[in-house]
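Structure first, commentary second.
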Amino acid sequence: MISVRHYRTGAPGVEIGDPETIDQHLAEQDGLVWVDVDAPTPEDVKLLVEEFDVHHLAAEDLLEARQRPKLERYGNHFLLVARDCRLEDTTLVAMEIDVVFGDGWIITVRKPSHLGHEPVSLDEVARHFERQRSGEGATDEGFLLYVLLDTLVDRYFVVVDQLEERLEDLEELVFGEEGQGAPVASSDAVELQRTMFRLRSTLMGLRRSVAPLREVLGALQRREVPFLGEAAVMHLQDVYDHVLRIVDLNESQRELLTAVQEARIAIAGNRMNQVMKTMTSWGAILLGSTLIAGIYGMNFRYMPELDWRYGYPMALTMMLVLTVGLFRWFKRHEWL
């Protein structure tokens, strides 16, 4: 679906009903023409190529999904690829947004995920843009590009906060009462391990979506796009700082997850050591009684105590004293 808006200097944006009239608004050379395409089809891309003379390589990218965030130049216009991210439980959903822009116009192509998740709403970006233009007085493609990237980066912060909550829950599971020594069901342990691997994959996916934006924003600030306005370049610095912060937070969360995994392995090792100590202690305790019973169970005819009247009570007493003594010794040394 294609929607078109025309922003004239000093006036609110006007939505254009017929995409076929885009060329008429471009000919006015007044303000900014914004075309948004939701879930593009080959017919939609063909219309954009005809109206904006989009390069055929950029047109191919508009139909292809799962591209790395990047900024490329095609003659008098540019292609920028970014990702809109959201978190479903512990799984990252990354939806691609392609932006083709030139002097006086911008095209946003929003692609849903393979599971049908919709990317950032056009209305949300438009409201943000209207608020920013009223305060800054800027109506150009660079300022709209800033608003779009700023909206996406704000959504990255939401994902980072949600991941922080998931990591805190993991810490409670690993370092809580259950993780300190109580037995853990094998099914729970397997599910915990799966959750950790999903979180690790999510953190890696978030990094792949955010980290390349540093290069993109760096190129925009170096004015590699000559027609960006002064206000846009100044505001893009703020977005760049936010991206650096998200990358740092992502790195910290990855280190924390690694620490939690190592701690879980250490706790499991300590629990196994405790089990082995307990089994060894009981084996040593029972060994004395077994030794005495084994000696007096031998079928030799001539043994000193076989004809002794108190031999049987004496053997039982020795077993009891040895068992109680060893039990108290192991208990005092915290092996039991």
Side-chain angles (χ1 to χ4, degrees), residues 1-8 13-84 94-114 116-126 128-130 133 139-149 151-152 213 216 219-220 224-229 232:
M1 186 181 72
I2 298 179
S3 59
V4 185
R5 300 190 183 197
H6 190 182
Y7 294 90
R8 293 179 174 86
V14 177
E15 189 163 353
I16 302 171
D18 185 9
E20 300 291 342
T21 62
I22 293 176
D23 55 343
Q24 300 176 14
H25 294 273
L26 287 174
E28 295 181 18
Q29 296 183 349
D30 179 23
L32 170 67
V33 176
W34 176 19
V35 179
D36 180 79
V37 185
D38 186 13
T41 63
E43 292 74 18
D44 295 334
V45 174
K46 182 180 178 181
L47 175 63
L48 298 177
V49 171
E50 294 173 352
E51 296 291 341
F52 294 92
D53 193 24
V54 176
H55 194 276
H56 68 92
L57 293 178
E60 291 176 4
D61 288 343
L62 295 181
L63 291 173
E64 183 181 349
R66 304 183 67 83
Q67 298 182 78
R68 182 179 183 272
K70 61 183 180 179
L71 176 67
E72 295 180 344
R73 180 169 188 168
Y74 298 97
N76 63 347
H77 58 274
F78 292 79
L79 169 66
L80 186 150
V81 178
R83 290 178 181 174
D84 178 29
M95 295 149 286
E96 184 179 322
I97 297 180
D98 298 336
V99 184
V100 183
F101 59 99
D103 192 5
W105 56 272
I106 185 169
I107 303 170
T108 54
V109 179
R110 298 176 294 132
K111 303 174 184 177
S113 70
H114 66 284
H117 299 94
E118 292 294 332
V120 60
S121 169
L122 168 66
D123 295 333
E124 179 182 350
V125 178
H128 191 182
F129 182 52
E130 289 284 4
R133 329 180 29 223
T139 305
D140 63 9
E141 62 287 338
F143 204 79
L144 178 56
L145 183 63
Y146 148 69
V147 170
L148 175 62
L149 292 176
T151 303
L152 294 180
L213 279 181
V216 173
L220 294 175
E224 294 184 12
V225 181
F227 47 79
L228 287 186

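All values below were derived from every heavy atom in this structure, side-chain atoms included, with hydrogens, water molecules and symmetry-related copies excluded.
- H77 contributes a side-chain N or O that, together with a main-chain N or O of H55, makes up a donor-acceptor pair within less than 3.5 Å.
- In this structure the side chain of F78 never reaches within 4.5 angstrom of the side chain of L228, judged on heavy atoms.
- Sorted by first and then second residue, the side chain to side chain donor-acceptor pair (under 3.5 Å) pairs involving residues 57-67 (not counting sequence neighbours) are D61-K70, Q67-K70, Q67-E96.
- Smallest separation of non-hydrogen atoms from L152 and A82: CD1-CB, 3.9 Å.
- Relative orientation of the F101 and F227 rings is perpendicular, given thresholds of 30° and 60° on the angle between their planes.
- Side-chain atoms of K111 come within 3.5 Å of backbone atoms of L62 as a donor-acceptor pair (strictly under, hydrogens ignored).
- Side chains of Y7 and E130 form a contact here, defined as non-hydrogen atoms less than 4.5 Å apart.
- In this structure, L145 and L220 have side chains that are in contact, with non-hydrogen atoms separated by less than 4.5 Å.
- In this structure, the salt bridge (charged side-chain N to carboxylate O under 4.0 Å, His left out) partners of R68, at least two apart in sequence or on a different chain, are E215.
- Of the possible polar contacts, none joining the E141 side chain to the D103 backbone as a donor-acceptor pair under 3.5 Å is found.
- Considering every non-hydrogen atom in both L122 and S3, the closest pair reads CD2-OG, 3.1 Å.
- In this structure, CZ on R110 lies 4.0 Å from CG on D38, to the nearest 0.5 angstrom.
- Between P112 and P119, the closest heavy-atom pair is CA-CD, 4.0 Å.
- Using a 4.5 Å heavy-atom threshold, the side chains of V100 and V109 count as separate.
- L80 is listed as a side-chain neighbour of L149, based on a closest heavy-atom distance under 4.5 Å.
- For D84 (side chain) and V120 (main-chain N/O), a donor-acceptor pair under 3.5 Å exists by modelled atom type.
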